[in-house]
Amino acid sequence: MQFDAIVLGSGVAGCNCALWLKKLGVSVIILKIGKEIGGLQNNNPYVNDWIITSPDQTGLETKKIIINNLHFQEIEYKLATNITSFKQS
């Protein structure tokens with residue numbers, strides 16, 4: 001399958017980027033080298049005062065929200081992806 005855009009990384013910024021692209025009608029996929037969605041949130045047991053939409057949630061709670069939103073918005077992602085090259089069509 002071909003996509004209009006590829007987002008590299010699945011932290012808060014990458015997932016928000018994918019969501020915006022999807023809402024704008026762009027077909028998008030998230031590619032992640034690691035094995036988990038969430039970026040730095042995977043190792044953050046503390047409250048995220050710096051994420052404006054989730055000021056009272058821990059990183060792990062934020063990660064769950066990110067994953068739920070990706071599924072709800074039907075945004076495809078692939079984990080443990082080894083990217084060796086890109087070909088523009």
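Note that the structure is predicted; figures quoted are calculated from it, not measured. Counting begins at 1 with the first residue of the sequence.
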*Interatomic spacing from CD in E61 to CG in N44 - rounded to 0.5 Å*: 10.0 Å
*Using the test side-chain hydrogen bond (donor to acceptor under 3.5 Å, both in side chains), find all partners of T81 that sit at least two apart in sequence or belong to another chain.*
none
*Calculate, to the nearest 0.5 Å, the distance between atoms CD1 and OG1 belonging to I67 and T62 respectively.*
11.0 Å
_If you compare all heavy atoms of I30 against all heavy atoms of G9, which two are closest, and at what distance to 0.1 Å?_
CG2-O, 3.3 Å
Tabulate below the donor-acceptor pairs under 3.5 Å that side-chain atoms of residues 32-41 make, not counting sequence neighbours, or state none.
from, atom 1, to, atom 2, distance (Å)
E36, OE1, K63, NZ, 2.6
Q41, OE1, N48, ND2, 2.9

*asked:* I need the full list of side chain to side chain donor-acceptor pair (under 3.5 Å) pairs touching residues 4-14, with sequence neighbours left out, sorted by first then second residue.
replied: D4-S27
*Starting at CG of N16, measure out to CD1 of I66 and round the result to the nearest 0.5 Å.*
7.0 Å
*For V47 and Q57, what are the C-alpha separation, side-chain angles and deciding distance, and is it a side-chain contact (heavy atoms from CB on, under 4.5 Å)?*
CA-CA 5 Å; V47 172; Q57 296 169 340; over 6 Å; no
*All side chain to side chain contact (heavy atoms under 4.5 Å, CB included) counterparts of L19, not counting sequence neighbours*: K23, Q73, I75
*Could you tell me which residues satisfy side chain to side chain contact (heavy atoms under 4.5 Å, CB included) with A5, sequence neighbours excluded, listed by chain and number?*
L21, V26, V28
*Under the 3.5 angstrom rule, does the side chain of K22 hit a backbone N or O of I29 as a donor-acceptor pair?*
no
_Just to verify, what does K78 make a side-chain hydrogen bond (donor to acceptor under 3.5 Å, both in side chains) with, not counting sequence neighbours?_
E76
*Would you indicate whether the side-chain heavy atoms of I6 and L8 approach each other to under 4.5 Å?*
yes
_Interatomic distance, Y77 atom OH to L70 atom CG [nearest 0.5 angstrom]_ = 6.5 Å
*Where is the tightest heavy-atom contact between P45 and T58, given as atom of each residue plus distance?*
O-CG2, 3.4 Å
